[in-house]
Amino acid sequence: MAINDALSAVDVSTDIKDLSKLVKQFPVRDGEKPWTAREVKDIAEELTSDIDRLTSELAAADAELSDLLRNSGDGAGDDQADSGSSALEREQELTLVNNTRDLLAQTTRALSRISAGTFATCESCGKAVGKARVQAFPRATLCVECKQREERR
C-alpha cells in the first residue's frame with residue numbers, strides 16, 4: 001500500500017465521533033478497558049508523525065547511499081584497507097535504508113489497519129493483541145503468545 005493511501009485511509013483530523021464507531025471493533029484482552037476514540041486518534045497521530053519522520057530519513061539515507069555508490073568507482077588508487085572500508089560503509093548504509101523502508105512499511109500498515117477495523121487484532125489467532133502492547137508498539141500485529149511462538153521457530 002502506498003503511503004498516501006494509508007494516510008488518506010485514516011484522517012487523523014477525523015472527528016472523534018467518527019472514530020468512536022470504528023474503535024468498538026478493536027478487541028481488548030480480559031481486564032482491559034475498551035479502546036476510546038481519543039486513544040486511537042493519538043496512536044494514529046503518532047503513526048502519521050512517524051511516517052513523516054521516516055520518509056525524511058529514507059530520503060536522506062537514499063541520497064547518502066546514492067552518493068556512496070556514485071563515488072565508489074573501481075577502487076583504482078585505493079589500497080585494500082580503503083576499498084574494504086568503503087565497501088563496509090556502503091553495506092551499512094544499504095542496511096539502514098532497508099531497515100527504514102521496513103519500518104515505514106510497518107507504520108503505514110498499522111495506520112491502514114485502523115481504518116480497516118483490524119487494528120489491535122492478532123493476525124495469527126484473531127484475538128486481541130493487548131492494549132498495553134499496542135500502545136507501547138503501535139506496529140504490533142501479533143499477540144504476545146503468537147509472537148513468542150514465531151520467535152521460537
Side-chain angles (χ1 to χ4, degrees), residues 1-69 72 84-153:
M1 171 182 278
I3 294 168
N4 290 337
D5 293 343
L7 293 176
S8 63
V10 176
D11 181 7
V12 292
S13 64
T14 299
D15 193 322
I16 289 195
K17 290 178 185 177
D18 296 337
L19 270 178
S20 63
K21 294 175 188 169
L22 194 58
V23 299
K24 291 177 184 174
Q25 299 176 51
F26 301 153
V28 292
R29 301 185 104 173
D30 290 338
E32 291 180 333
K33 293 181 180 179
W35 285 97
T36 66
R38 178 81 251 161
E39 290 169 332
V40 174
K41 186 170 182 170
D42 288 346
I43 289 173
E45 288 171 349
E46 177 186 341
L47 290 168
T48 302
S49 173
D50 286 351
I51 287 173
D52 292 342
R53 178 183 53 80
L54 289 167
T55 302
S56 296
E57 286 178 14
L58 186 59
D62 269 337
E64 178 69 23
L65 181 60
S66 293
D67 190 43
L68 286 171
L69 291 173
S72 66
S85 178
S86 295
L88 180 63
E89 189 176 354
R90 284 190 303 274
E91 191 169 316
Q92 287 176 328
E93 198 62 36
L94 184 58
T95 299
L96 178 66
V97 167
N98 287 333
N99 288 345
T100 304
R101 277 194 184 118
D102 288 346
L103 191 55
L104 182 58
Q106 289 174 13
T107 305
T108 303
R109 187 167 174 222
L111 195 57
S112 66
R113 284 173 44 99
I114 292 174
S115 64
T118 60
F119 188 71
T121 304
C122 179
E123 291 183 340
S124 181
C125 68
K127 295 179 183 173
V129 170
K131 198 170 176 182
R133 177 170 166 74
V134 172
Q135 287 172 325
F137 187 69
R139 295 162 197 82
T141 59
L142 299 174
C143 66
V144 173
E145 294 81 12
C146 291
K147 184 65 175 173
Q148 287 173 339
R149 197 172 344 176
E150 178 187 85
E151 288 177 355
R152 277 184 284 220
R153 285 187 231 158

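If you're wondering where the values come from, they're calculated on a predicted model, not measured in any experiment.
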Go through E123 and R113 one step at a time and tell me if the side chain to side chain contact (heavy atoms under 4.5 Å, CB included) criterion holds. CA-CA 11 Å; E123 291 183 340; R113 284 173 44 99; 2.8 Å; yes
Show your reasoning for whether side chain to side chain contact (heavy atoms under 4.5 Å, CB included) applies to L58 and V97. CA-CA 6 Å; L58 186 59; V97 167; 3.9 Å; yes
Mind running side chain to side chain contact (heavy atoms under 4.5 Å, CB included) on V23 and F119 for me, showing each step along the way? CA-CA 9 Å; V23 299; F119 188 71; over 6 Å; no
Given side chain to side chain contact (heavy atoms under 4.5 Å, CB included), test I43 with Q135 step by step and report yes or no. CA-CA 7 Å; I43 289 173; Q135 287 172 325; 4.2 Å; yes
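In plain terms, the two heavy atoms of G126 and T121 that are nearest each other are O-CG2, 3.5 Å. Closest of all the heavy-atom pairs between R133 and A140 is NE-CB, 4.0 Å. Listed here is the closest heavy atom pair of C143 and C125: SG-SG, 3.8 Å. In terms of heavy-atom proximity, L111 sits nearest to L47 at N-CD1, 3.9 Å. Summarising the geometry of A120 relative to P27, their closest heavy-atom pair is O-CG, 3.5 Å, with the distance given to 0.1 Å.
Counting heavy-atom neighbours within 6.0 Å of E91 CD, excluding the residue itself, gives a total of 12 or less.
The side-chain hydrogen bond (donor to acceptor under 3.5 Å, both in side chains) test with E150 is passed by exactly one of R153, K147, Q148: K147.
Note that the CZ atom of R109 and the OG1 atom of T118 stand 8.0 Å from one another [nearest 0.5 Å]. Remark: S115 OG to L19 CG distance equals 10.0 Å, nearest 0.5 Å. Annotation: the span from L104 atom CG to T108 atom OG1 amounts to 4.5 Å, rounded to 0.5 Å. The distance from the CG atom of D50 to the CD atom of E57 is 9.5 Å, given to the nearest 0.5 Å. Annotation: the span from S20 atom OG to W35 atom CH2 amounts to 15.5 Å, rounded to 0.5 Å. R101 contributes atom CZ, which lies 10.5 Å from atom CG of L96 (distance to the nearest 0.5 angstrom).
Put simply, the side chain of T107 gets close to the backbone of L103: a donor and an acceptor are under 3.5 Å apart.
Between D102 and R139, none of the side-chain N atoms (NZ, or NE/NH1/NH2) sits under 4.0 Å from a carboxylate O, so this pair counts as no salt bridge. A salt bridge does not link K127 to E145: none of the charged side-chain nitrogens sits closer than 4.0 Å to a carboxylate oxygen.
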